[in-house]
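Single-structure report; data block below.
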2 protein chains.
Amino acid sequence: MANTDVDEALTALQSRRIRMTPQRRTILTYLVTHHNHPTVETIHEALEQTTPNMSLATIYNTLKLFVDLGIVIELANGEDGVHYDYYSKPHYHVICTNCGKIADVFYPDFQKDAKKMENEAAQQTGYQITGNRFEIYGLCTDCQKKNASKGK
Amino acid sequence: MANTDVDEALTALQSRRIRMTPQRRTILTYLVTHHNHPTVETIHEALEQTTPNMSLATIYNTLKLFVDLGIVIELANGEDGVHYDYYSKPHYHVICTNCGKIADVFYPDFQKDAKKMENEAAQQTGYQITGNRFEIYGLCTDCQKKNASKGK
DNA sequence: GCCAAAGTTAGAATCATTTTAAATCGTATT
DNA sequence: AATACGATTTAAAATGATTCTAACTTTGGC
């Protein structure tokens, strides 16, 4: 249930002594209940209706906090700035290089494979690993069609 | 040899009918002979000595071209903008979240593992895969020491 | 309920990247 | 080797996402 997800995340924040503000709760709830890989702008516009006057700076601050806490991840994206994703189940992303559309990819051993890459990194470099970012790039099905039809 | 690497890359460009300009040759040579994960600024400063008056816009344009051609990859990096890497042997990167230092990670099956992730992505989403980006984040050994000594 | 520390706000500032328009260059074709 | 045209380069200006600032407000422990 989406609601327990929010509660879970809130509990996680409390246990880390993070102050709970209405803004943080609102942004967290938005992220948990929307899997649309929003940008800062997307979030700002979406919340404008229900919570006017929320500063862009607050959204930037809050997202940075969540990323540092590891409950949200950043997705780089050429076209229109950074996208964010509430990271519950381990997965990675495919990003369309033409239109920027983002899709999720899940498979059973992904976490194992990711850990392997992290372990290799730790062993070879001595870095103390804190996170990762896996992105695949390609053309989405829509953009494939568009390219084909314009005879490219 | 560094030189054959440059020649190889030049041949690759020629076969794709990419015009060869002195600027492109210079930047390509810099990338092939330096594995320092430079930013645009780093490249600009380094080339200032040997090639004054090279415009920043040209460096941006050229790097974008090389990335599109797949011979160079982008590395996201919080602190100081985007870094670039001439991508000869398959590998991925560990990035220090504190100081931004970047290290390479190689292991025998990496390419196989990366392909697996690409294939999963293609099957699940129908995207036509053109590239990927794998980054691990952590604290480099220097920053671990600094943190420890200041009793953090 | 009080208070210090932490968070929020609106607007200004920053700075990496992109755009512009004019000048120059690379190369395919004679 | 000369021509012509599209592609590339340049410097400067414009853009726009993100960060900073300073004043104000809120949170949570006592």
Side-chain angles (χ1 to χ4, degrees), chain A residues 10-30 37-48 50-69 71-84 95 97 100, chain B residues 9-30 37-48 50-69 72-84 95 97 100:
Chain A
L10 288 175
T11 310
L13 295 196
Q14 280 181 330
S15 71
R16 306 224 214 173
R17 302 285 156 77
I18 306 296
R19 288 200 184 179
M20 191 45 53
T21 66
Q23 292 85 346
R24 287 178 179 172
R25 203 187 308 269
T26 304
I27 294 171
L28 183 61
T29 303
Y30 179 85
H37 312 290
T39 62
V40 167
E41 222 17 85
T42 308
I43 297 173
H44 190 238
E45 283 165 18
L47 299 184
E48 206 147 69
T50 58
T51 321
N53 307 326
M54 186 183 294
S55 169
L56 270 178
T58 297
I59 301 179
Y60 277 103
N61 289 340
T62 303
L63 288 172
K64 185 179 290 174
L65 173 74
F66 290 168
V67 168
D68 287 348
L69 291 173
I71 62 179
V72 164
I73 60 173
E74 282 186 342
L75 310 176
N77 194 336
E79 310 302 294
D80 51 354
V82 179
H83 292 241
Y84 293 87
I95 301 174
T97 50
Chain B
L10 288 175
T11 309
L13 295 196
Q14 281 182 328
S15 72
R16 306 221 213 176
R17 301 283 158 78
I18 305 296
R19 288 202 183 176
M20 192 44 53
T21 65
Q23 292 88 345
R24 287 178 178 172
R25 203 186 308 270
T26 304
I27 294 171
L28 183 61
T29 303
Y30 179 85
H37 311 290
T39 61
V40 166
E41 225 11 90
T42 308
I43 297 173
H44 190 237
E45 284 165 18
L47 298 184
E48 204 148 72
T50 58
T51 319
N53 307 328
M54 186 182 295
S55 168
L56 271 178
T58 297
I59 302 179
Y60 277 102
N61 289 340
T62 303
L63 288 172
K64 186 178 290 175
L65 173 74
F66 289 169
V67 168
D68 286 350
L69 292 172
V72 164
I73 60 172
E74 283 187 339
L75 310 176
N77 194 339
E79 310 303 295
D80 51 354
V82 180
H83 292 242
Y84 293 87
I95 302 175
T97 50

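Letters go in sequence order (proteins before strands), and every chain restarts at 1.
dT9(D) atom C1' lies 15 Å from atom CG of Leu63(B), rounded to whole Å. Atom CD1 of Ile59(B) is separated from atom C1' of dT8(D) by 14 Å (rounded to the nearest Å). Rounded to a whole Å, the CE atom of Met54(A) is 17 Å from the C1' atom of dC24(D). Taking atom CD1 of residue Ile27(A) and atom P of nucleotide dG7(C), one finds them 13 Å apart after rounding to whole Å. In this structure, CG of Leu47(B) is placed 13 Å from P of dT9(D), rounded to the nearest angstrom. Note: CZ (Arg25(A)) to P (dT8(C)) measures 12 Å, nearest angstrom. Residue Arg24(B) contributes atom CZ, which lies 7 Å from atom C1' of dT8(D) at whole-angstrom precision. Between Glu45(B) atom CD and dA16(C) atom C1' there is a gap of 14 Å when expressed in whole angstrom units.
Residues Thr39(A) and Thr42(A) bring a donor and an acceptor atom of their side chains to less than 3.5 Å of each other.
You'll find the side chain of Val82(B) stays beyond 4.5 Å of the side chain of Leu75(B), heavy atoms only. Taking 4.5 Å as the limit, every side-chain heavy atom of Gln23(B) sits out of range of all side-chain heavy atoms of Ile59(B). At least one side-chain heavy atom of Pro38(B) sits less than 4.5 Å from a side-chain heavy atom of Tyr30(B).
Between the side chain of Thr29(B) and the backbone N or O of Arg25(B) there is at least one donor-acceptor pair closer than 3.5 Å. No side-chain donor-acceptor contact under 3.5 Å links His83(B) to the backbone of Val40(B). A donor-acceptor distance shorter than 3.5 angstrom exists from the side chain of Arg16(A) to the backbone of Leu69(A), with no hydrogens or angles considered.
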(message) Evaluate His37(B) against Tyr84(B) for side-chain contact (heavy atoms from CB on, under 4.5 Å), listing each step before the verdict.
(response) CA-CA 5 Å; His37(B) 311 290; Tyr84(B) 293 87; over 6 Å; no
(request) Applying side-chain contact (heavy atoms from CB on, under 4.5 Å), run through Leu28(B) and Phe66(B) and close with a yes or a no. (result) CA-CA 9 Å; Leu28(B) 183 61; Phe66(B) 289 169; 3.9 Å; yes
(message) Would Arg24(A) and Thr58(A) count as a side-chain contact (heavy atoms from CB on, under 4.5 Å) here? Give the steps.
(response) CA-CA 9 Å; Arg24(A) 287 178 179 172; Thr58(A) 297; over 6 Å; no
Check the interface with nucleotides 17-21 of chain C: list each N/O to N/O pair with the protein under 3.5 Å, or write none.
unit_1, atom_1, unit_2, atom_2, d
dT17(C), OP2, Tyr60(B), OH, 2.5
dT17(C), O5', Tyr60(B), OH, 3.2

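Axis orientation changes by 50° from one end of the helix from dG1(C)-dC30(D) to dT30(C)-dA1(D) to the other, with each end axis drawn from 5 pairs and the value rounded to 10°.
Applying a 4.0 Å cut-off to non-hydrogen atoms, the residues of residues 11-23 of chain A that approach DNA chain C are Arg19(A), Thr21(A), Gln23(A), listed by residue number.
Screening Leu65(B), Thr51(B), Thr21(B), Thr62(B) for a side-chain contact (heavy atoms from CB on, under 4.5 Å) involving Ile27(B) leaves a single residue, Thr62(B).
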